[in-house]
Amino acid sequence: MIDLVVLTGAGVSAESGLATFRDAGGLWEGQRPEDVATPQAFARDPDLVHRFYNARRAAAGEATPNAAHSALAALQDRLGERMLLVTQNVDGLHEAAGHRGVIHMHGALNRATCGACGHRWAAPAVMETDDPCPSCGAPATRPDIVWFGEMPQEMERIYKALDAAHVFAAIGTSGLVYPAAGFVDVAASAGVLCHEINLAPGGNPTFHQLFSGPATQAVPSWCADVEALLG
Ligand code: APR
(Lines give C-alpha, C1' and ligand atoms only; values in the text may rest on other atoms or scores of the structure.)
Protein backbone atom coordinates (compact mmCIF):
# COMPACT_ATOMS: atom_id res chain seq x y z
CA MET A 1 0.00 0.00 0.00
CA ILE A 2 1.62 3.23 -1.14
CA ASP A 3 1.29 6.07 1.39
CA LEU A 4 3.80 8.50 -0.13
CA VAL A 5 4.48 9.48 -3.75
CA VAL A 6 7.47 11.74 -4.36
CA LEU A 7 8.12 13.47 -7.71
CA THR A 8 11.56 14.97 -8.24
CA GLY A 9 12.82 17.40 -10.86
CA ALA A 10 16.15 18.91 -11.83
CA GLY A 11 16.31 20.98 -8.64
CA VAL A 12 17.09 17.88 -6.57
CA SER A 13 20.31 17.36 -8.57
CA ALA A 14 21.30 21.05 -8.85
CA GLU A 15 23.54 20.91 -5.76
CA SER A 16 25.29 17.89 -7.26
CA GLY A 17 26.42 20.24 -10.01
CA LEU A 18 23.94 19.21 -12.74
CA ALA A 19 22.29 22.06 -14.62
CA THR A 20 18.55 22.49 -14.36
CA PHE A 21 16.56 23.44 -17.47
CA ARG A 22 14.94 26.78 -16.75
CA ASP A 23 17.08 28.45 -14.10
CA ALA A 24 19.72 30.99 -15.12
CA GLY A 25 22.42 29.10 -17.04
CA GLY A 26 20.03 26.19 -17.49
CA LEU A 27 20.11 23.66 -20.30
CA TRP A 28 17.36 25.40 -22.24
CA GLU A 29 19.36 28.62 -22.18
CA GLY A 30 22.13 27.09 -24.27
CA GLN A 31 20.01 24.87 -26.48
CA ARG A 32 16.40 24.92 -27.71
CA PRO A 33 14.36 21.82 -26.72
CA GLU A 34 13.02 21.65 -30.30
CA ASP A 35 16.60 21.22 -31.55
CA VAL A 36 17.68 18.38 -29.24
CA ALA A 37 14.71 16.88 -27.36
CA THR A 38 12.06 15.89 -29.92
CA PRO A 39 11.78 12.92 -32.33
CA GLN A 40 11.78 15.45 -35.20
CA ALA A 41 15.11 16.91 -33.96
CA PHE A 42 16.60 13.41 -33.86
CA ALA A 43 15.42 12.66 -37.38
CA ARG A 44 16.75 16.01 -38.60
CA ASP A 45 20.17 16.00 -36.91
CA PRO A 46 20.94 12.80 -34.92
CA ASP A 47 24.60 13.80 -34.48
CA LEU A 48 23.58 17.02 -32.65
CA VAL A 49 21.14 15.12 -30.44
CA HIS A 50 23.72 12.44 -29.57
CA ARG A 51 26.29 15.18 -28.78
CA PHE A 52 23.79 16.84 -26.41
CA TYR A 53 23.05 13.59 -24.54
CA ASN A 54 26.67 12.38 -24.62
CA ALA A 55 27.63 15.63 -22.82
CA ARG A 56 24.80 15.22 -20.28
CA ARG A 57 25.73 11.52 -19.76
CA ALA A 58 29.35 12.56 -19.09
CA ALA A 59 28.28 15.27 -16.62
CA ALA A 60 25.90 12.89 -14.84
CA GLY A 61 28.69 10.29 -14.64
CA GLU A 62 30.91 12.81 -12.82
CA ALA A 63 28.21 13.91 -10.37
CA THR A 64 27.65 12.42 -6.93
CA PRO A 65 24.41 12.23 -4.95
CA ASN A 66 23.74 15.05 -2.50
CA ALA A 67 22.05 15.13 0.93
CA ALA A 68 18.62 15.33 -0.69
CA HIS A 69 19.11 12.08 -2.65
CA SER A 70 20.53 10.41 0.46
CA ALA A 71 17.68 11.58 2.71
CA LEU A 72 15.08 10.23 0.26
CA ALA A 73 16.91 6.87 0.05
CA ALA A 74 17.08 6.69 3.86
CA LEU A 75 13.36 7.49 4.03
CA GLN A 76 12.72 4.60 1.64
CA ASP A 77 14.78 2.33 3.93
CA ARG A 78 12.29 3.13 6.69
CA LEU A 79 9.05 3.25 4.68
CA GLY A 80 9.82 0.43 2.23
CA GLU A 81 6.97 -0.33 -0.20
CA ARG A 82 4.88 2.49 1.33
CA MET A 83 6.97 4.99 -0.67
CA LEU A 84 7.18 5.44 -4.47
CA LEU A 85 9.74 7.78 -6.04
CA VAL A 86 9.04 9.09 -9.54
CA THR A 87 11.70 11.26 -11.13
CA GLN A 88 11.64 13.48 -14.19
CA ASN A 89 15.43 13.42 -14.03
CA VAL A 90 17.48 11.25 -16.35
CA ASP A 91 20.58 11.16 -14.12
CA GLY A 92 21.19 8.11 -11.88
CA LEU A 93 21.77 10.03 -8.64
CA HIS A 94 18.77 8.60 -6.75
CA GLU A 95 20.05 5.08 -7.46
CA ALA A 96 23.62 6.13 -6.62
CA ALA A 97 22.30 7.22 -3.21
CA GLY A 98 20.82 3.73 -2.72
CA HIS A 99 17.24 4.37 -3.81
CA ARG A 100 15.55 1.24 -5.23
CA GLY A 101 12.74 0.93 -7.76
CA VAL A 102 12.87 4.53 -9.01
CA ILE A 103 10.44 5.29 -11.86
CA HIS A 104 12.26 7.34 -14.51
CA MET A 105 9.22 8.75 -16.26
CA HIS A 106 11.39 10.72 -18.73
CA GLY A 107 13.87 7.89 -19.31
CA ALA A 108 17.51 7.60 -18.26
CA LEU A 109 20.87 8.66 -19.69
CA ASN A 110 22.41 5.30 -18.77
CA ARG A 111 19.96 3.41 -20.99
CA ALA A 112 19.75 3.19 -24.79
CA THR A 113 16.90 1.91 -26.92
CA CYS A 114 16.40 0.83 -30.50
CA GLY A 115 13.98 2.81 -32.64
CA ALA A 116 13.43 -0.25 -34.82
CA CYS A 117 12.82 -3.12 -32.36
CA GLY A 118 12.38 -1.37 -28.98
CA HIS A 119 15.25 -3.32 -27.35
CA ARG A 120 16.76 -1.53 -24.26
CA TRP A 121 20.28 -1.91 -22.95
CA ALA A 122 22.89 -0.09 -20.90
CA ALA A 123 24.00 2.95 -22.90
CA PRO A 124 27.68 3.30 -23.77
CA ALA A 125 29.37 6.50 -22.55
CA VAL A 126 29.31 7.88 -26.09
CA MET A 127 26.48 7.04 -28.50
CA GLU A 128 26.87 7.66 -32.22
CA THR A 129 24.36 7.88 -35.01
CA ASP A 130 25.11 4.61 -36.82
CA ASP A 131 25.58 2.41 -33.73
CA PRO A 132 23.91 -0.94 -34.55
CA CYS A 133 21.25 -2.24 -32.17
CA PRO A 134 22.79 -5.14 -30.19
CA SER A 135 19.56 -7.08 -30.70
CA CYS A 136 18.34 -6.49 -34.29
CA GLY A 137 21.45 -4.84 -35.74
CA ALA A 138 19.53 -1.88 -37.19
CA PRO A 139 21.43 1.46 -37.10
CA ALA A 140 18.43 2.93 -35.22
CA THR A 141 19.80 3.34 -31.70
CA ARG A 142 18.86 6.38 -29.58
CA PRO A 143 19.15 7.55 -25.99
CA ASP A 144 16.34 6.00 -23.88
CA ILE A 145 15.00 9.48 -23.16
CA VAL A 146 11.33 10.48 -23.44
CA TRP A 147 11.32 13.48 -25.77
CA PHE A 148 8.69 16.20 -26.00
CA GLY A 149 5.66 14.77 -27.75
CA GLU A 150 6.40 11.21 -26.57
CA MET A 151 4.53 9.33 -23.82
CA PRO A 152 6.35 9.28 -20.45
CA GLN A 153 6.97 5.86 -18.92
CA GLU A 154 4.88 4.01 -16.28
CA MET A 155 2.02 6.52 -16.28
CA GLU A 156 -0.68 3.99 -15.29
CA ARG A 157 1.34 2.90 -12.26
CA ILE A 158 1.96 6.51 -11.26
CA TYR A 159 -1.70 7.54 -11.45
CA LYS A 160 -2.73 4.48 -9.41
CA ALA A 161 -0.22 5.43 -6.72
CA LEU A 162 -1.33 9.09 -6.72
CA ASP A 163 -4.91 7.99 -6.11
CA ALA A 164 -4.02 5.74 -3.18
CA ALA A 165 -1.41 7.87 -1.39
CA HIS A 166 -1.78 9.93 1.78
CA VAL A 167 0.95 12.42 0.85
CA PHE A 168 2.29 13.65 -2.51
CA ALA A 169 5.44 15.77 -2.66
CA ALA A 170 6.98 17.58 -5.63
CA ILE A 171 10.66 18.33 -5.05
CA GLY A 172 12.78 20.69 -7.17
CA THR A 173 10.50 20.97 -10.17
CA SER A 174 9.13 24.05 -11.91
CA GLY A 175 5.82 22.28 -12.54
CA LEU A 176 5.73 23.48 -16.13
CA VAL A 177 5.84 20.22 -18.10
CA TYR A 178 2.85 17.87 -18.27
CA PRO A 179 1.85 15.22 -17.37
CA ALA A 180 4.17 15.54 -14.31
CA ALA A 181 2.95 19.09 -13.65
CA GLY A 182 -0.59 17.73 -13.28
CA PHE A 183 0.24 15.12 -10.63
CA VAL A 184 -0.56 17.58 -7.83
CA ASP A 185 -4.04 18.16 -9.28
CA VAL A 186 -4.70 14.41 -9.52
CA ALA A 187 -3.47 13.91 -5.96
CA ALA A 188 -5.37 16.86 -4.49
CA SER A 189 -8.63 15.79 -6.14
CA ALA A 190 -8.15 12.36 -4.50
CA GLY A 191 -7.87 14.05 -1.10
CA VAL A 192 -4.09 13.58 -0.87
CA LEU A 193 -2.01 16.05 1.17
CA CYS A 194 0.28 17.87 -1.30
CA HIS A 195 3.67 19.28 -0.35
CA GLU A 196 6.03 21.37 -2.49
CA ILE A 197 9.74 21.45 -1.70
CA ASN A 198 11.53 24.09 -3.73
CA LEU A 199 13.92 27.01 -3.56
CA ALA A 200 10.98 29.32 -4.09
CA PRO A 201 7.21 28.85 -4.36
CA GLY A 202 6.23 27.50 -7.78
CA GLY A 203 2.99 29.45 -7.62
CA ASN A 204 0.61 26.48 -7.83
CA PRO A 205 -1.97 27.12 -5.07
CA THR A 206 -3.03 23.44 -5.17
CA PHE A 207 -0.10 22.56 -2.90
CA HIS A 208 -1.16 22.59 0.75
CA GLN A 209 2.29 23.38 2.15
CA LEU A 210 5.62 24.72 0.84
CA PHE A 211 8.92 23.67 2.37
CA SER A 212 11.33 26.22 0.92
CA GLY A 213 15.11 26.22 0.69
CA PRO A 214 17.87 24.42 -1.16
CA ALA A 215 17.08 20.71 -1.51
CA THR A 216 20.10 19.61 0.54
CA GLN A 217 18.58 21.45 3.54
CA ALA A 218 14.83 21.39 2.88
CA VAL A 219 14.58 17.69 1.87
CA PRO A 220 16.24 16.08 4.92
CA SER A 221 14.07 18.19 7.24
CA TRP A 222 10.93 17.44 5.19
CA CYS A 223 11.76 13.68 5.32
CA ALA A 224 11.73 13.81 9.13
CA ASP A 225 8.41 15.70 9.10
CA VAL A 226 6.69 13.38 6.63
CA GLU A 227 7.89 10.23 8.41
CA ALA A 228 6.35 11.55 11.64
CA LEU A 229 3.18 12.43 9.75
CA LEU A 230 2.84 8.96 8.21
CA GLY A 231 3.76 7.16 11.41
N1 APR B 1 16.98 23.11 -4.38
C2 APR B 1 15.65 22.99 -4.62
N3 APR B 1 15.06 23.38 -5.77
C4 APR B 1 15.86 23.92 -6.71
C5 APR B 1 17.25 24.10 -6.54
C6 APR B 1 17.81 23.65 -5.31
N7 APR B 1 19.11 23.77 -5.06
N8 APR B 1 17.76 24.68 -7.66
C9 APR B 1 16.71 24.85 -8.51
N10 APR B 1 15.58 24.41 -7.94
C11 APR B 1 14.23 24.39 -8.52
C12 APR B 1 13.86 25.63 -9.29
O13 APR B 1 13.28 26.60 -8.42
C14 APR B 1 12.83 25.07 -10.29
O15 APR B 1 11.52 25.07 -9.71
O16 APR B 1 14.22 23.33 -9.45
C17 APR B 1 13.29 23.62 -10.49
C18 APR B 1 13.96 23.39 -11.84
O19 APR B 1 12.98 23.58 -12.83
P20 APR B 1 13.29 23.09 -14.32
O21 APR B 1 14.64 23.57 -14.70
O22 APR B 1 12.10 23.46 -15.14
O23 APR B 1 13.42 21.50 -14.21
P24 APR B 1 12.24 20.45 -14.14
O25 APR B 1 11.07 20.98 -13.38
O26 APR B 1 12.83 19.17 -13.68
O27 APR B 1 11.82 20.30 -15.69
C28 APR B 1 10.81 19.36 -15.99
O29 APR B 1 11.17 19.75 -18.34
O30 APR B 1 12.56 20.11 -20.10
C31 APR B 1 11.82 19.15 -19.46
O32 APR B 1 12.24 16.85 -19.54
C33 APR B 1 12.68 18.02 -18.95
O34 APR B 1 12.30 16.68 -16.97
C35 APR B 1 12.40 18.02 -17.45
C36 APR B 1 11.08 18.76 -17.34
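Counting starts at 1 for both ligands and their atoms, following the listed order.
Taking the six-membered ring for Trp and thresholds of 30 and 60 degrees, F183 and F168 have ring planes more than 60 degrees apart, a perpendicular arrangement. Between F148 and W28, the two ring planes are tilted [angle within 30° to 60°].
Under 3.5 Å, the side chains of N54 and R51 contain no donor-acceptor pair of N or O atoms.
Sorted by chain and number, the residues within 4.0 Å of ligand 1 by heavy atom are G9, A10, G11, A14, E15, T20, F21, R22, D23, W28, Q88, H106, F148, G172, T173, S174, V177, N198, L199, G213, P214, A215.
Remark: side-chain polar atoms of E29 are paired, donor with acceptor, to backbone N or O of G25 under 3.5 angstrom.
Each of V5, D225, L229 was checked for a side-chain contact (heavy atoms from CB on, under 4.5 Å) with V167, and the lone residue meeting it is L229.
Contact record, R111 with G107: NH2-CA, 3.9 Å, taken as the closest heavy-atom pair.
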